[in-house]
Amino acid sequence: MLRVLRRRNLVLRWTGGRRTTTGFIVRGYGSAHDIASAYQPAHVERSSTSGTVPQLPAEYGPKGHTTTPFNLLLPPPNVTGDLHLGHALTCAVQDALTRQARLLGARATWIPGMDHAGIATQVVVEKRLFKEQNITRHELGREKFLEEVMRWKSEKEESIRMALKKLGCSMDWSKEYFTMDAHQSVAVKEAFVQLFEKGLIYRDRSLVNWSCTLESAISDVEVENVEIAGPTEIAVPGYGKNITFGRMVDIAYKVQGSTEEIVVSTTRPETFLGDVAVAVHPDDGRYSHLRNRATFLWHPVRKEEIPLIFDSAVDRSFGTGAVKITPAHDRFDFEMGRRHHLATVEVIDERGIVQQHFGPFTGLPRYEAREALMDYLTKLSLVRGVRAHAMLLPLCSRSKDVVELLLRPQWFVRCHAMAQRAMEAVRDNQLALVPKAFEREWFRWLENCHDWCISRQLWWGHRIPAFVVRYGKAQEQWIAARSMDEARAKCATMLPNVPQDAITIEQDHDVLDTWFSSALLPFSSTGWPENPSQHLYPLQLMETGHDILFFWVARMVMLGQELTGTLPFGKILLHGIICDESGRKMSKSLGNVIKPDHVIHGISLDQLQAEAEASHRQGILSKSELSKSIAGQRKMFPNGIPECGIDALRFTLCSSNVKNHFIHFNVQEAYTNKLFFNKIWQATRYTLACTERYDATLNRVEQTCEALRKQAHRLTLMDRWILSRLGNTVQQCREAFEGYNFHLATAALKTFFYTNFCDVYLETTKINMKQGCATTDAALLHCAVLKYCLTVGLLQMEPFTPYLAQELLKHLAPSSTVANELASVTSWIDPSLEESIDALLNICQHVRQTKNEHNPPIARKHNPIVHVHAKERGLADLLDTQRDTIQQLTHCNGIVLHGNERTFNDAHFVAKCAPSHHCIIGIVAESLIKGPTAAAAAAGEASKKMLAKLDAEIEKLLRTIGNEGYKKSASESVQKRHQEKLNRLQQQKEELLKMVS
């Protein structure tokens, strides 16, 4: 990358005469002599536009690798669109883990890939086909439709791959997979055949979630249960008007041979057509007279009798205590029907149309049939009431259609035995869940794990490797095979006495649930079944969102154990769901959706609203939702979203406790982090300027831990303090990564760079860096320490901010052993030194605070002189040796130390304070207030303000400590820490009271 430095005129002499042209001097960006005046993310992250992932140069890496690998798998994003903040969170966390592992010398491999996303992709492509060509997939045909899907996939996968690289994801792209590539197809077939042959996959006619729009079964994760408080109109695909839900209808059944009737209630009157019984509780006194004899009710549509049955599963407290039983369209009813050997009457077909043999209702769409049936029953005087009713309405997340439960022949995986093994793995501590609280959910779900429906009536996906063999008179049998040739061979072995020309073999047209192929990824992406890699499998960690713990993670564990005999990973790290700063789920209709690019490049309010209007034109948002979205955007982002950069986005995402159930994302925090990076940038500029000044002699001092350790006797107290703080910071980061507490690592880094390095240490180096300063040796060592701290600090920042770290480390040009410094830097930790300097900094902070709170604030022009009386000898000696440091950090013109309180009180202060019970401070500013009386009055006023502040803190702490809940729940260490703080505050108050009196 070349950077233009300045413009000037160049004079070029040509044969034909003299000509003046404009020319430029160019210099390679990145030299120590040329660093921009401020942090500019667009420039620092310029390589992202070409897809170049920032990596530390090889010479910066640790020498040699540990024997333990660190293998990680990216949860594959769907090839349906752009990456959202949830993807960015996963990438930020996983990349931080991978880079940290490399820094520590591990052989880290992060495997990328993409998911074919069966339903989601098919729906998107179908919509595009209809919009652009006004054609359906059925009109186009299966082969040509799949060509269209592959074209879409090719378009999208490159943009997704580029987006992942742009985020700085240091993945091993040579191992990239697509869940429908050739290798994955082999793995899926192998898994299906093995499970089928073990008797773990079977075909059965059972109830499944069904989308009538998609004409396919869908998984539980694709069902959104919408809460409805009462009568609510909802748009349903295929209907010209909204359909009303949230009403309970009471319908009477006449008891045969009697004048009695039994009233049942339903929110789905159309399913009345499929009722095969009415059930009541055996102990319900309202129906005891009907027990011990055959009781039948008259079905007014089908014109036939249905039985009254008694079952203890019925909730007798609900309504009349009688429930209609429709086994073909309800799970509860299906199980009851099996117990009582009831027939099943199917009402609704795959398209949501009422089936044959239902008289005038046959052929009607289900909700038109609902209205017609209500009219019919009303005319028969069988409707006993219609009332408002709160309910959960199941919607298909892809098609927004109301989900039906239909009886369909499907393929299922038997999960019970595999679920037991998955639970045992957690109980035996072979598999750890982080946070541990999810163990309870793990057991709850797996203990009640139903068999898994793995077939989908789609065109896009892995076609099920199952073949139906037909022979004789309507005889058929299903087999599983990896190919048609294998199916024929199996058939010949299975039916040796049946002529081959009398047999027909046809492969199932359905495809497998997307989650089936995804559940194989830990081992299918690492070579299984042909060449399983012992170096890459099992993974060390599975990191993903907690919302797919069961739909994906549990199934990976179950199939991994079953097919490989090994757990696919030893730990599961579950992160929360990204919400806006108010804790609301991000939704286009709320106008609170933030895309990664919005944060990286910034976006104006007008552009945000243009995006919302585009979503409205595409049919994603209704007109009312558009109005709500624009209002939400105007409220949340009145000035748009400022440019923050990639690193700021990553750092902000990792600054939240990712283990929380919900993660609140605040754009302002990302912008604040951008300013934090500028602070580091300016510190680097200062360091480079200082090192250039001493360039001729700086080579005498190496910037390594070992070299500085040899010079330890020449280092100043503040040099040794900042090295101790650096060691502590690296230690905190290491522990934070081990516990997956990334927010603690980012907080430690911010404290170090902001508070310790920039606000304190860097300021103290200016004492010896001044022009004409005689202490050249001290300045040289300051340069070495500055450069060392920045280098090691940036190395520890690199997992979160790879672009910033790479850019600044190029300028700092550290030694080739720099990565080893992360291991050795902790040797500088000196707790007693830090405790001493903390006391000094506490005094400096109180001086600055007292100056600022004075009215008017005390500035340098007022010639402030700080008077200090330290009651402890150790503190007094420290202050005596650090006068220049105190003066530099407090922006005062002088420091006076008093050996006793009497001489301290002789001075006329404009302000006084007590940082601790060991020390009192007074500030003299003669040019601000003349005369001892005025000075005393001003000091008294300042002390009173301090007293009021202390009183408030003490009162707040007393309320906390006195709370009964606190006494029961707070740990002993927390209570001890709070008591110590209370004691300190009370001692400070005593000192201030003495000063005021």
Side-chain angles (χ1 to χ4, degrees), residues 1-3 28-30 39-58 60-61 72-102 108-117 150-179 181 525 594-603 643-654 670 674 677 797-810:
M1 180 71 180
L2 296 178
R3 185 182 178 201
Y29 193 92
Y39 170 68
Q40 298 167 341
H43 183 77
V44 172
E45 298 161 0
R46 59 197 177 279
S47 62
S48 67
T49 57
S50 64
T52 303
V53 176
Q55 295 280 15
L56 288 176
Y60 290 2
L72 199 60
L73 176 81
L74 176 74
N78 294 344
V79 287
T80 49
D82 303 322
L83 298 187
H84 51 64
L85 269 187
H87 292 119
L89 172 66
T90 300
C91 289
V93 168
Q94 293 201 358
D95 196 40
L97 285 164
T98 304
R99 290 176 183 271
Q100 177 72 7
R102 291 195 188 111
T109 306
W110 186 15
I111 303 171
M114 282 172 248
D115 199 307
H116 66 279
M150 286 302 295
R151 193 175 296 117
W152 165 273
K153 175 254 181 186
S154 299
E155 289 174 15
K156 285 297 177 182
E157 70 177 349
E158 185 52 41
S159 66
I160 292 170
R161 190 179 295 119
M162 189 67 182
L164 290 170
K165 291 180 178 180
K166 183 178 177 180
L167 282 170
C169 298
S170 55
M171 300 165 178
D172 186 343
W173 290 98
S174 68
K175 294 179 173 57
E176 181 185 3
Y177 64 85
F178 174 60
T179 52
D181 64 29
S525 66
I594 303 171
K595 297 178 182 177
D597 271 356
H598 292 167
V599 183
I600 294 168
H601 303 297
I603 187 170
E643 177 202 34
C644 300
I646 299 166
D647 280 345
L649 171 62
R650 290 170 54 119
F651 196 82
T652 304
L653 288 167
C654 290
K674 174 188 169 184
F677 299 160
M797 284 278 287
E798 193 262 354
F800 302 114
T801 59
Y803 288 100
L804 176 70
Q806 184 188 58
E807 185 71 24
L808 292 182
L809 284 170
K810 279 195 304 183

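Keep in mind that the numbers below use all heavy atoms, side chains included, and drop hydrogens, waters and symmetry copies.
- Looking only at side-chain heavy atoms (C-beta outward), Asp597 and Ile603 stay at 4.5 Å or farther from each other.
- Other residues, nucleotides and ligands place no more than 12 heavy atoms under 6.0 Å from the CG atom of Asp82.
- Not one N or O on the side chain of Arg650 forms a donor-acceptor pair closer than 3.5 Å with the backbone of Asp647.
- Smallest separation of non-hydrogen atoms from Pro112 and Met171: CB-SD, 3.3 Å.
- The shortest distance between side-chain heavy atoms of Leu74 and Leu164 falls below 4.5 Å.
- Counting all heavy atoms, side chain and backbone alike, His87 lies closest to Pro77 at NE2-CB, 3.7 Å.
- The side-chain heavy atoms of Trp110 and Leu97, taken from C-beta on, include no pair separated by under 4.5 Å.
- Between the NE2 atom in His598 and the CG atom in Leu649 there is a gap of 12.0 Å [rounded to 0.5 Å].
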Problem set entry | Worked check of side-chain contact (heavy atoms from CB on, under 4.5 Å) between Glu45 and Glu807 | CA-CA 9 Å; Glu45 298 161 0; Glu807 185 71 24; over 6 Å; no
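- A distance of 13.5 Å separates NZ of Lys165 from SG of Cys91, quoted to the nearest 0.5 Å.
- Note that the CD1 atom of Ile160 and the CD atom of Glu155 stand 11.5 Å from one another [nearest 0.5 Å].
- Summarising the geometry, atom CD belonging to Glu158 is positioned 10.5 Å from atom NZ belonging to Lys153; distances are rounded to the nearest 0.5 Å.
- Trp152 places a side-chain N or O within 3.5 Å of a backbone atom of Val79 that can act as its donor or acceptor partner.
- In this structure, Glu157 and Met114 approach most closely via the heavy-atom pair O-CE, 3.4 Å.
- The closest side-chain heavy-atom distance from Tyr177 to Leu73 is below 4.5 Å.
- In this structure, OG in Ser170 is found 4.0 Å from CZ in Arg99, a value given to the nearest 0.5 Å.
- When all heavy atoms of Leu83 and Leu167 are compared, the closest pair comes out as CD1-CD1, 4.3 Å.
- Interatomic distance, CG of Asp95 versus SG of Cys169, reported as 5.5 Å (0.5 Å rounding).
- When all heavy atoms are compared, the tightest approach of Asp115 to Ala117 is OD1-N, 2.8 Å.
- Put simply, the side chain of Arg102 does not reach to within 4.5 Å of the side chain of Glu798, judged on heavy atoms.
- Using a distance-only test at 3.5 Å, with no hydrogens or angles considered, a donor-acceptor pair links the side chain of Lys674 to the main chain of Glu643.
- Closest of all the heavy-atom pairs between Leu653 and Leu89 is CD1-N, 3.7 Å.
- Proximity of Tyr803 to Ser47: side-chain heavy atoms (C-beta onward) are separated by under 4.5 Å at one or more points.
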